[in-house]
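Structure, as structure tokens:
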Amino acid sequence: SAVSEIVAARRASLLVPIPRSSGDHQRRNARRLAEVGAALLIEQAQLSGEVLADHVLELLADPARIDAMEAHTDDLFAGDAAGNIARVCLQLVGKG
């Protein structure tokens, strides 16, 4: 759900998935954001204070890159999911 919240908030992110998460879902979700350019992905095995600091400093030095990453979240944003579900339900019962 954290990745969904990041996308809904339209925020750039730097993700470090837990390698043994259930069904490897954290890595798959992080990879999806990275593939569209909305996030940076650091595998936990490669994570160190220096690696993290390098990535953070690199992003802070390039606000245009952060803006672009945030724009890329739109590629994954499903929109008003609750509203879409409500509309479909109303259509199913003949009220929409």
Linked, directly or transitively: Val16 and Met69 (ILVMFWY side chains, under 4.5 Å): yes

Linking I/L/V/M/F/W/Y whenever their side-chain heavy atoms sit closer than 4.5 Å, directly or via other members, would Leu40 and Leu15 fall into one cluster? no

Can you get from Ile6 to Val56 by hopping between Ile, Leu, Val, Met, Phe, Trp and Tyr side chains that sit under 4.5 Å apart? no

Would a single hydrophobic cluster contain both Val36 and Val3, if residues Ile, Leu, Val, Met, Phe, Trp and Tyr are joined by side-chain heavy-atom contacts under 4.5 Å? yes

Using a 4.5 Å cut-off on heavy atoms from C-beta on, say whether the side chain of Leu60 contacts that of His55. no

Lys/Arg-Asp/Glu bridge criterion (N-O < 4.0 Å) met for Arg11, Glu5: no

Would the distance check show the side chain of Arg27 and the main-chain N or O of Arg20 forming a donor-acceptor pair, the cut-off being under 3.5 Å? no

Nearest-0.5 Å distance, CG of residue Leu52 to CD of residue Gln46: 13.5 Å

How long is the gap from CG on Asp75 to CD on Glu35, to the nearest 0.5 Å? 12.0 Å

Spacing of OG belonging to Ser4 relative to CG belonging to Leu76, to within rounding of 0.5 Å: 9.5 Å

Arg65 side chain reached by Asp67 side chain, heavy atoms, under 4.5 Å: no

Decide yes or no for Pro17 and Gln44: does some side-chain heavy atom of the first lie under 4.5 Å from some side-chain heavy atom of the second? no

With the side chain counted from C-beta on, respond yes when Asp54 and Glu58 share a heavy-atom pair under 4.5 Å apart, and no when they do not. no

Would you say CD1 of Ile18 has more than 12 non-hydrogen atoms from neighbouring residues, nucleotides or ligands within 6.0 angstrom? no

Exercise: do Arg87 and Asn84 side chains pair donor with acceptor under 3.5 Å: yes

In terms of hydrophobic clusters joined by side-chain contacts under 4.5 Å, are Val7 and Leu14 together? no

